[in-house]
Amino acid sequence: MATVKCSIPKGTRDFLPVEMARRNYIFDTIRSVFKTFAFEPIETPSLENLSTLMGKYGEEGDKLLFKVLNSGDFMDGVDFTQDYHKVAPQICERGLRYDLTVPFARFVVQHRDQVVFPFRRYQLQPVWRADRPQKGRYREFYQCDADMIGSTSLLNELELVQMIDMVFGRLGINVCVKINNRKVLAGIAEMIGAPERLVDITVAIDKLDKIGLDNVRAELRERGLDEKQIAALDPVFALEGDAGLKLGTLDKMFENVEVGRKGVEELKTLFGYIEAAALKCDVELDLTLARGLNYYTGAIFEVKAKDVQIGSICGGGRYDNLTGIFGMPDVSGVGISFGADRIYDVLTELNAFPEGLEQAARVMFINFGAAEQAACVAIAARLRASGIGTLIYPDAAKMKKQMEFANRKGIPYVAFVGESEMKDGTVTLKNMQDGSQETMTVDSLIEKLK
RNA sequence: GUGGGCGUAGUUCAGCUGGUUAGAGCGCCAGAUUGUGGAUCUGGAGGUCGUGGGUUCGAGCCCCACCUCCCACCCCA
């Protein structure tokens with residue numbers, strides 16, 4: 001048989017035990033914070049009906065959806081001379097989920113009779129995007145989402161920010177939380193007389209700190225705004241000072257713009273809460289923050305690591321009518337998503353993982369041969385019953401080889417049960433760190449390793 | 001989708017203006033050391049130089065195509 005090339009698809013990864021220990025550290029930290037804030041876990045399938053996913057993430061998002069070919073004779077009765085966009089939905093009824101928020105909205109609508117509102121759920125699962133991989137960007141990656149649905153209270157927004165603060169505080173990552181509000185962006189668009197160009201305006205404004213004011217103006221021009229409209233944006237670019245000051249100025253600018261005033265009011269309330277909450281991390285109002293996912297309608301969040309150059313490591317926002325698409329209108333939700341893989345990259349670059357995360361076994365028994373092995377099996381059973389991670393080296397290999405194995409695996413203790421120990425019913429325990437060893441009964445062994 | 005870079009042993013890389021049998025460190029296996037690991041020393045295995053074509057007396061090196069991975073843009077976790 002011909003050998004097959006060993007490889008995995010572009011943008012996917014295998015995880016070694018060391019990496020898994022570190023990933024689980026991240027997941028455990030996030031999960032424990034979610035639980036602390038009274039969120040409950042759910043899971044949804046990797047595959048969703050494509051009709052559930054399409055059109056929720058904007059034009060770009062649709063392109064990045066992994067589509068799954070129908071099973072059976074999927075070509076039957078399909079006119080393949082048509083345009084790709086027409087053919088694709090006919091031969092692909094399902095796709096891999098792109099995020100956890102849209103499937104969650106579907107979940108809520110589908111199980112509305114079993115869900116108690118306001119509902120708080122968390123979900124730690126992989127998502128897939130047919131993006132071109134690069135630093136901090138993968139085709140398969142984990143999102144850790146927490147959403148509350150069925151309440152418009154801004155207390156929810158505050159709690160999300162508090163969770164962000166707690167997670168990154170525990171992980172030891174310095175972050176800056178950027179907050180904006182889609183209603184403010186809509187207000188700006190309305191104010192300059194181009195409410196239908198909201199997306200174009202926000203995408204251009206979003207690039208302000210990256211490409212500079214002149215290039216933003218050029219991009220707005222390219223996107224079809226006239227000079228008068230572009231000039232009308234000047235007071236927005238000229239905003240200065242802290243959140244309170246900016247919001248005060250904006251409020252006046254929005255004298256005749258109701259959405260804008262509503263957005264400013266929400267932000268004022270939220271920033272008031274945040275001030276009272278005395279968080280450890282930085283929180284700032286960033287009017288250039290737009291976020292592409294087009295289902296957001298209120299607050300939007302993005303978290304950047306301050307000491308590592310990488311895309312955002314957490315993001316989210318409020319969506320007023322995501323469930324409406326599935327036939328359940330007027331249910332507002334708000335949530336955030338932690339990017340576990342990017343957080344992993346940040347911790348790696350900062351060298352900030354705690355020591356000793358992986359521990360295959362606490363003690364390993366040296367294998368001297370058949371008779372001794374039987375004695376070890378009995379002792380190991382007792383250790384395991386006491387919850388002590390125990391390993392018996394499977395072969396009566398050379399001592400050097402067995403010791404080397406224990407050493408490389410970082411097993412802290414090695415136990416010897418040879419002829420003399422068997423006779424006395426004892427075990428000789430060696431501390432692999434300092435090399436010391438002592439002979440003891442099984443009872444005191446359990447006591448020591450517990 | 002657009003642009004840039006890389007590809008040589010398990011791995012990290014070296015390999016001169018094209019010239020005999022392609023090297024090193026780490027890792028791996030064995031031994032020095034038959035109930036004691038990390039250090040040291042000795043020996044050994046391991047490569048169709050990403051794939052295919054071309055130029056040449058001769059290609060790891062030059063040219064073309066393809067593939068892969070990495071990086072940037074777009075967008076995003």
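A note on names: the letters A, B, ... follow the listed sequences, proteins ahead of strands, and every chain is numbered from 1.
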### Task
Starting from C1' on B:U36, measure out to CZ on A:Phe405 and report it in whole angstrom.
16 Å
### Task
Measure from the side-chain heavy atoms of A:Arg223 and tell me the nearest of B:C73, B:C75, B:A32.
B:C75
### Query
With a non-hydrogen cut-off below 4.0 angstrom, is A:Gly61 in contact with a base, only sugar-phosphate, or nothing?
nothing
### Task
With heavy atoms under 4.0 Å as the rule, sort A:Lys63 into base, sugar-phosphate or nothing.
nothing
### Query
Is the ring centre of A:Tyr122 less than 6.0 Å from the ring centre of A:Phe39?
no
### Message
Measuring to OP1 and OP2 of B:G31, would you say a side-chain N or O of A:Lys398 lies under 4.0 angstrom away?
### Response
yes
### Message
Nearest to the side chain of A:Phe416, heavy atoms from C-beta on, is which of B:C76, B:C28, B:U36?
### Response
B:U36
### Task
Give a yes or no on whether the ring-centroid distance for A:Phe405 and A:Tyr393 is below 6.0 angstrom.
yes
### Message
Going by purine N1 to pyrimidine N3 plus the second Watson-Crick contact, or the G-U wobble pair, all under 3.5 Å, which nucleotide sits opposite B:G27?
### Response
none
### Query
When all nucleic acid strands are considered with a 4.0 Å heavy-atom cut-off, which category describes A:Val127: base, sugar-phosphate, or nothing?
nothing
### Message
Over all strands shown, is A:Phe338 touching base, sugar-phosphate only, or nothing at heavy-atom distances under 4.0 angstrom?
### Response
nothing
### Message
Using a distance-only criterion (donor-acceptor N/O pair, under 3.5 Å, no hydrogens), is the base of B:U36 paired with the side chain of A:Gln402?
### Response
no
### Task
Decide whether a cation-pi geometry holds between A:Arg362 and A:Tyr413; the criteria are a distance under 6.0 Å from NZ or CZ to the six-membered ring centre and an angle within 45° of the ring axis.
no
### Task
Give one of base, sugar-phosphate or nothing for A:Lys135, where a contact means two heavy atoms less than 4.0 Å apart.
sugar-phosphate
### Query
In Watson-Crick or G-U wobble terms, both distances under 3.5 Å, what is the partner of B:C49?
none
### Query
Between B:A77 atom P and A:Glu302 atom CD, what is the distance in whole Å?
7 Å
### Task
For B:G31, take OP1 and OP2 only and decide whether either is under 4.0 Å from a side-chain N or O of A:Lys400.
no
### Message
Any N or O donor-acceptor pair under 3.5 Å from the base of B:C76 to the side chain of A:Arg342?
### Response
yes
### Query
Closest to the A:Met403 side chain: B:G37, B:C73, B:G35?
B:G37
### Query
Quick one: A:Asn407 CG to B:G37 P, roughly how many Å, whole number?
10 Å
### Message
Looking only at the side chain of A:Glu421 (C-beta and beyond, no hydrogens), which of the listed nucleotides B:G31, B:G35, B:A77 gets closest?
### Response
B:G35
### Query
Given B:G38, B:C75, B:U36, which nucleotide is nearest the side-chain atoms of A:Lys207?
B:C75
## Note on the structure
Per atom distances to the A:Arg132 side chain, the nearest of B:C75, B:U2, B:G35 is B:U2
### Query
OP1, OP2 of B:A72 versus side-chain N and O of A:Gln134: anything below 4.0 Å?
yes
### Message
Please pick, from B:C75, B:A72, B:A77, the nucleotide with the shortest atom-to-atom distance to any side-chain atom of A:Arg129.
### Response
B:A77
#### Entry: Nearest to side-chain heavy atoms of A:Met432, which nucleotide of B:G35, B:C73, B:G37
B:G37
### Task
Just call it for A:Cys314: base, sugar-phosphate, or nothing, with non-hydrogen atoms closer than 4.0 Å on any strand.
sugar-phosphate
#### Entry: Any strand: nucleotide that pairs with B:A39 via Watson-Crick or wobble, under 3.5 Å
none
### Task
List the atom of A:Pro133, the atom of A:Arg139, and the distance in Å for their closest heavy-atom pair.
CD-NE, 4.1 Å
### Task
In whole angstrom, give the distance that lies between atom CG of A:Asp131 and atom P of B:A72.
13 Å
### Query
Hey, do the aromatic rings of A:Phe353 and A:Tyr344 have their centres closer than 6.0 Å?
yes
### A:Tyr296 six-ring centre to A:Arg182 NZ/CZ under 6.0 Å and within 45° of normal
no
### Message
I want to verify a distance call: between B:C28, B:A77, B:G35, whose nearest atom is closest to the A:Thr428 side chain?
### Response
B:G35
### Task
Tell me whether the guanidinium CZ or amine NZ of A:Arg342 lies under 6.0 angstrom from the six-membered ring centre of A:Phe141 and within 45° of its axis.
no
